Participant: 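There's a structure below that I have some questions on.
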Amino acid sequence: MLILSSNSPRRKELLAGLGIPFKTLVIQGIDESYPDTLPACEIAEYISVKKAEPYRESLTGTDNVVLTADTVVVLGNSVMGKPTDEQDAYRMLSALSGHTHQVYTGVCLTTATAQRHFSVCTDVTFKSLSDDEIWHYIREYKPLDKAGAYGIQEWIGYIGITGIRGSYYNVMGLPVQRIYEELNRL
């Protein structure tokens, strides 16, 4: 049985699209901190592995696979997780406006006897967004649960993203093509 450790409706939808049966199980209160010296491109993968640890004991004697994931947005050397409030969301979207940034999703697949982990990077370019566009998006779509304060599949993605290089689904929070390949290897 595949177990998705996420309450994200986007991750559930994307994993369901693979046609693989799964159930959802989330252990609350997992520490998602990381060392300050960790390169930005390694943070999401580090956290996905850290999220898998509390599940290891429950996997003993089963054929279950736990999938944990984490997504971060990186602009230059600045790592953007989920915004703390609307003002933080505005700060993030203003910084992303008119620039290309990277979206990293780290994934960890854990069984009783093995673990595979990896990250996928996608480059995303935003047009220059007006303050009105940013505030409209924040107030109408409430992106406080999204890394970088945006969802590519929402209004801001429709009107603001001018280019993408890599996996669209990775930007949504789950690189399903790579997950499919890794599950086949397990």
Side-chain angles (χ1 to χ4, degrees), residues 4 6-20 32 34 38-48 51 67-83 86 88-109 116-185:
L4 174 64
S6 177
N7 284 321
S8 164
R10 290 164 301 284
R11 286 192 176 132
K12 291 175 188 174
E13 174 188 346
L14 291 171
L15 193 57
L18 285 179
I20 300 169
E32 296 185 22
Y34 55 88
L38 197 64
C41 62
E42 296 177 15
I43 292 170
E45 185 173 347
Y46 177 90
I47 294 172
S48 73
K51 285 179 176 180
L67 187 161
T68 53
D70 193 72
T71 301
V72 296
V73 170
V74 178
L75 177 64
N77 292 323
S78 178
V79 177
M80 299 179 185
K82 296 174 184 174
E86 287 186 350
D88 195 30
Y90 174 80
R91 178 192 62 77
M92 289 181 185
L93 289 169
S94 294
L96 296 174
S97 176
H99 295 99
T100 298
H101 63 275
Q102 288 68 48
V103 177
Y104 293 94
T105 299
V107 176
C108 185
L109 300 168
R116 298 181 76 83
H117 50 88
F118 58 89
S119 65
V120 173
C121 178
T122 304
D123 292 330
V124 179
T125 303
F126 268 103
K127 73 171 191 156
S128 292
L129 299 165
S130 71
D131 282 351
D132 286 344
E133 289 168 331
I134 293 171
W135 281 114
H136 170 77
Y137 177 66
I138 292 169
R139 291 190 175 120
E140 293 297 317
Y141 292 87
K142 313 280 188 238
L144 302 183
D145 64 336
K146 295 171 179 67
Y150 78 92
I152 192 171
Q153 74 281 6
E154 295 177 338
W155 181 82
I156 199 83
Y158 295 164
I159 66 101
I161 293 176
T162 61
I164 179 171
R165 191 178 79 208
S167 170
Y168 172 84
Y169 300 111
N170 183 57
V171 182
M172 283 181 68
L174 208 58
V176 288
Q177 186 278 329
R178 178 74 184 271
I179 289 170
Y180 177 80
E181 296 298 324
E182 296 293 336
L183 285 170
N184 281 329
R185 289 185 184 122

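Predicted model only: the values in this text are computed from it and were never measured. Residues take their numbers from the sequence shown, with the count starting at 1.
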Participant: With side chains defined as the heavy atoms from C-beta onward, is the minimum distance between Asp145 and Arg10 less than 4.5 Å?
Facilitator: yes
Participant: Determine whether Ile152 and Val103 satisfy the following criterion, side-chain contact (heavy atoms from CB on, under 4.5 Å), listing intermediate values before the conclusion.
Facilitator: CA-CA 11 Å; Ile152 192 171; Val103 177; over 6 Å; no
Participant: When rounded to the nearest 0.5 angstrom, what distance separates NZ in Lys82 from CG in Leu144?
Facilitator: 10.5 Å
Participant: Mind checking the OG1-CD spacing from Thr68 to Glu45? Nearest 0.5 Å is all I need.
Facilitator: 10.5 Å
Participant: What verdict does the side-chain contact (heavy atoms from CB on, under 4.5 Å) test give for Tyr104 and Cys121, after you've listed the backbone C-alpha separation in whole Å, the side-chain angles of each residue and the deciding distance to 0.1 Å?
Facilitator: CA-CA 5 Å; Tyr104 293 94; Cys121 178; 3.5 Å; yes
Participant: Is there a side-chain contact between Gln153 and Tyr168, using heavy atoms and a 4.5 Å cut-off?
Facilitator: yes
Participant: Please assess Asp131 against Tyr90 for the test side-chain hydrogen bond (donor to acceptor under 3.5 Å, both in side chains), listing each intermediate value before the final yes or no.
Facilitator: CA-CA 9 Å; Asp131 282 351; Tyr90 174 80; 2.7 Å; yes
Participant: Would Met92 and Tyr150 satisfy side-chain contact (heavy atoms from CB on, under 4.5 Å), going step by step from the backbone distance to the final call?
Facilitator: CA-CA 9 Å; Met92 289 181 185; Tyr150 78 92; over 6 Å; no
Participant: Answer yes or no: are there more than 12 heavy-atom neighbours, outside Asn77 itself, under 6.0 Å from its atom CG?
Facilitator: no
Participant: Test of understanding: with side-chain hydrogen bond (donor to acceptor under 3.5 Å, both in side chains), list the residues that count as partners of Asn170, not counting sequence neighbours.
Facilitator: Thr105, Thr122
Participant: At what distance, to the nearest 0.5 angstrom, does CG of Leu174 lie from OG of Ser6?
Facilitator: 8.0 Å
Participant: Would you say the side-chain atoms of Glu133 pair up with the backbone N or O of Ser130, donor to acceptor, closer than 3.5 Å?
Facilitator: yes
Participant: With side chains defined as the heavy atoms from C-beta onward, is the minimum distance between Val74 and Cys41 less than 4.5 Å?
Facilitator: no
Participant: Lys51 side chain to Glu32 main-chain N or O, any donor-acceptor pair under 3.5 Å?
Facilitator: no
Participant: Restricting to ring-ring contact (aromatic ring centres under 6.0 Å, His included), what partner residues turn up for His117, sequence neighbours left out?
Facilitator: none
Participant: Can any side-chain N or O of Ser128 pair as donor or acceptor with the backbone N or O of Ser97 at less than 3.5 Å?
Facilitator: no
Participant: Run the side-chain contact (heavy atoms from CB on, under 4.5 Å) test on Leu15 and Ile20 for me, step by step, so that the C-alpha distance in whole Å, both residues' side-chain angles and the decisive distance to 0.1 Å come before the verdict.
Facilitator: CA-CA 7 Å; Leu15 193 57; Ile20 300 169; 5.6 Å; no
Participant: Minimum heavy-atom separation for Leu93 and Gly148, please, with both atom names.
Facilitator: CD2-O, 3.9 Å
Participant: I need the minimum non-hydrogen distance between Ser167 and Pro175, along with the two atoms involved.
Facilitator: OG-CA, 4.4 Å
Participant: Run the salt-bridge test on Glu182 and Arg185 with the 4.0 Å N-O cut-off and return the result as yes or no.
Facilitator: yes
Participant: Looking at every non-hydrogen atom in both residues, tell me the closest pair between Pro83 and Pro143 and how far apart they are.
Facilitator: CG-O, 3.7 Å
Participant: What I'd like to find out is whether the side chain of Ile179 reaches to under 4.5 Å of the side chain of Leu14, using heavy atoms alone.
Facilitator: no
Participant: Hey, can you pull the donor-acceptor pairs under 3.5 Å for the side chains in residues 134-142, sequence neighbours left out?
Facilitator:
from   : atom 1 : to     : atom 2 : distance (Å)
Tyr137 : OH     : Gly151 : N      : 2.9
Tyr137 : OH     : Glu154 : OE1    : 2.4
Lys142 : NZ     : Arg139 : O      : 2.6

Participant: Would you say Tyr34 and Val72 make side-chain contact, with heavy atoms under 4.5 Å?
Facilitator: no
Participant: Any chance NZ of Lys12 has more than 12 other-residue heavy atoms, nucleotides or ligands included, within less than 6.0 Å?
Facilitator: yes
Participant: Quick one: CD1 on Ile161 to CZ on Phe126, what's the gap to the nearest 0.5 Å?
Facilitator: 4.5 Å
Participant: Any chance OH of Tyr169 has more than 12 other-residue heavy atoms, nucleotides or ligands included, within less than 6.0 Å?
Facilitator: no
Participant: Could you check whether Arg11 and Thr71, counting side-chain N and O atoms only, form a donor-acceptor pair closer than 3.5 Å?
Facilitator: yes
Participant: Any chance you could measure Leu96, atom CG, to Arg91, atom CZ, to the nearest 0.5 Å?
Facilitator: 9.5 Å
Participant: To the closest 0.5 Å, what do you measure between CD1 (Ile43) and CG (Asp70)?
Facilitator: 9.5 Å
